[in-house]
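Since the structure comes first, as structure tokens, the remarks are kept for the end.
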Protein chains: 2
Amino acid sequence: MAKMEKLETADSSTEEKIKEAAAKVFTQKGFAATRTRDIAEEAGINLALLNYYFRSKEKLFDLVMMESLQKFLLGVRDILNDVNSSLTEKISQLASHYIELLKVNTDLPLFILSEIRANPGRLEANMGAKEILLQSNFYKQLEATTKKKVDPVHFLMNIFGLTVFPFVASPLLRIIGEKSKTEFDALMDERKKMIPIWVDAMLKSI
Amino acid sequence: MAKMEKLETADSSTEEKIKEAAAKVFTQKGFAATRTRDIAEEAGINLALLNYYFRSKEKLFDLVMMESLQKFLLGVRDILNDVNSSLTEKISQLASHYIELLKVNTDLPLFILSEIRANPGRLEANMGAKEILLQSNFYKQLEATTKKKVDPVHFLMNIFGLTVFPFVASPLLRIIGEKSKTEFDALMDERKKMIPIWVDAMLKSI
DNA sequence: ATTTGATTTAATCAAATGATTAAAAACTAA
DNA sequence: TTAGTTTTTAATCATTTGATTAAATCAAAT
């Protein structure tokens, strides 16, 4: 007998509720500190349902991590490979894209980085990211601009350092700078304009 | 009866062995993923000894975290408050200091940041760091240089982003850049010279 | 040598936790 | 309705894990 589809939005299905709760709790507390009971409670479901739908804590985590990586990487391919934009324009677009993304998902990068450190094996499975980045038009423009003088990887570090690091360090920075979430976000908005200018200045300085 | 001191170096005492093992394991895996048995094994001691000397996993962790924070903050006070050095010189010294520190303790910042996120309460107890930083001669020079144009916190973010972020992201960067640990460290050494030049260029650009 | 206090060990406990099971409930197709 | 299927629940298991205990060992002082 064929299974019947229920008339539910993806958001309200039990499976989706669990996945969203898992994403929230895993991202906040990390794999090891997360109890499957935390996820069940957050999702408002019976604990056994988690295993009914996802088999195990680890499988559910792998799913969440995969989607987190995609959230972080997807949506920049277009920017990286636009043949009609200059390097500076790409940097501007990348900065804006990541700042908008991370204002809403502040602890996404810290989650990804700390879980990869805790379990480096998980990364290798997933990544075509290296190829996407290193064979992109963006990277070629970067190589052409820096040519021979310095490793273009330096400027990858710089761009991501300027853009992503404030979010990674936000728990500390907000205290040190005495900023509310709103003020912090406003600072990040300012950076959308400044980062491309700064990177330009850095590129010219070498 | 007065307790007799044993003839031991601090390094070989059981207590010190446990603390070093704890620092290693906690830093690598984080609080939640660390088993007290892991620490005992790493230290080569019986599990009960850990509780004999440190009462609990949490007390031992707090100790390790406090020393980690000190390791990260101590040794820059002199740099920050040197009235005879220019802003650029301070940036150069800070970059060199942190790059040397983090070449040896690569996952120190990721450890600190992810544990603070997991348990933000832990931070407040410890910090005079904010005052040390914001009242330093360094910060005053930064304010004077950027005056009104942009929040000097932007440049704190920039300096730490350029210096510390590569280490935070090193698990990813080493894969993307296809670098060995040695090559990665060499890149970081290059940055000691470049970061002050870059920050200068950024300061002039605003 | 004996005593005394500090250190270390093996064994064990109680709670937490990931997972399973069997039964109940809800739902669908006939 | 009824039979069959999927979804959900309550109860329970087995293991892991932080911590404790009581006994053994060790080092120094008398």
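Quick note on labels: first sequence line is chain A, next is B, and so on, each numbered from 1. All values below were derived from every heavy atom in this structure, side-chain atoms included, with hydrogens, water molecules and symmetry-related copies excluded.
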Requested in this report: Mind calculating the distance between CD (A:Glu15) and P (D:dT6) to the nearest angstrom?
Outcome: 14 Å

Query - Minimal non-hydrogen separation, B:Lys90 against B:Asp82, with atom names - result: NZ-O, 2.7 Å

Query raised in the report: So, B:Lys59 and B:Asp62, do they make that salt bridge, N to O below 4.0 Å?
Result: no

Query raised in the report: Salt bridge between B:Glu41 and B:Arg35, side-chain N to carboxylate O under 4.0 Å?
Result: no

Query raised in the report: Hey, what's the ring geometry for B:Phe72 with B:Tyr98, parallel, tilted or perpendicular (30° and 60° as the breaks)?
Result: tilted

Query raised in the report: Which part of the nucleic acid, if any, lies within contact of B:Tyr53, taking any heavy atom under 4.0 Å across all strands shown: a base, the sugar-phosphate backbone alone, or nothing?
Result: sugar-phosphate

Query raised in the report: Is the backbone N or O of A:Thr88 less than 3.5 Å from a side-chain atom of A:Ser92, with the two atoms forming a donor-acceptor pair by type?
Result: no

Query - Interatomic distance, B:Ile39 CD1 vs D:dA19 P [rounded to whole Å] - result: 10 Å

Requested in this report: Decide if atom NZ of B:Lys181 counts as having more than 12 heavy atoms of other residues, nucleotides or ligands within a radius under 6.0 Å.
Outcome: yes

**Report entry** Pairing pattern in dot-bracket form [Watson-Crick, G-U; both distances under 3.5 Å; | = partner strand] for DNA chain D
**Finding:** ||||||||||||||||||||||||||||||

Between the protein and nucleotides 18-21 of chain C, which nitrogen or oxygen pairs are less than 3.5 angstrom apart?
unit_1: C:dG18; atom_1: OP1; unit_2: A:Thr34; atom_2: O; d: 3.4
unit_1: C:dG18; atom_1: OP1; unit_2: A:Lys57; atom_2: NZ; d: 3.2
unit_1: C:dG18; atom_1: OP2; unit_2: A:Thr36; atom_2: N; d: 2.9
unit_1: C:dG18; atom_1: OP2; unit_2: A:Thr36; atom_2: OG1; d: 2.9
unit_1: C:dG18; atom_1: N7; unit_2: A:Arg37; atom_2: NH1; d: 2.9
unit_1: C:dG18; atom_1: O6; unit_2: A:Arg37; atom_2: NH2; d: 3.3
unit_1: C:dA19; atom_1: OP2; unit_2: A:Lys57; atom_2: N; d: 2.8

Report summary line: Between CD1 of B:Ile45 and C1' of C:dA6 the distance, given in whole Å, is 16 Å

**Report entry** Separation of D:dT7 P from A:Glu16 CD (nearest whole Å)
**Finding:** 15 Å

**Report entry** Between C1' of D:dT7 and CZ of A:Phe54, the distance in whole Å
**Finding:** 14 Å

Report summary line: Looking only at heavy atoms, the pair that brings B:Thr27 and B:Ala23 closest together is OG1-O, 2.5 Å

**Report entry** Pair B:Lys103 + B:Glu100, salt bridge at N-O below 4.0 Å
**Finding:** yes

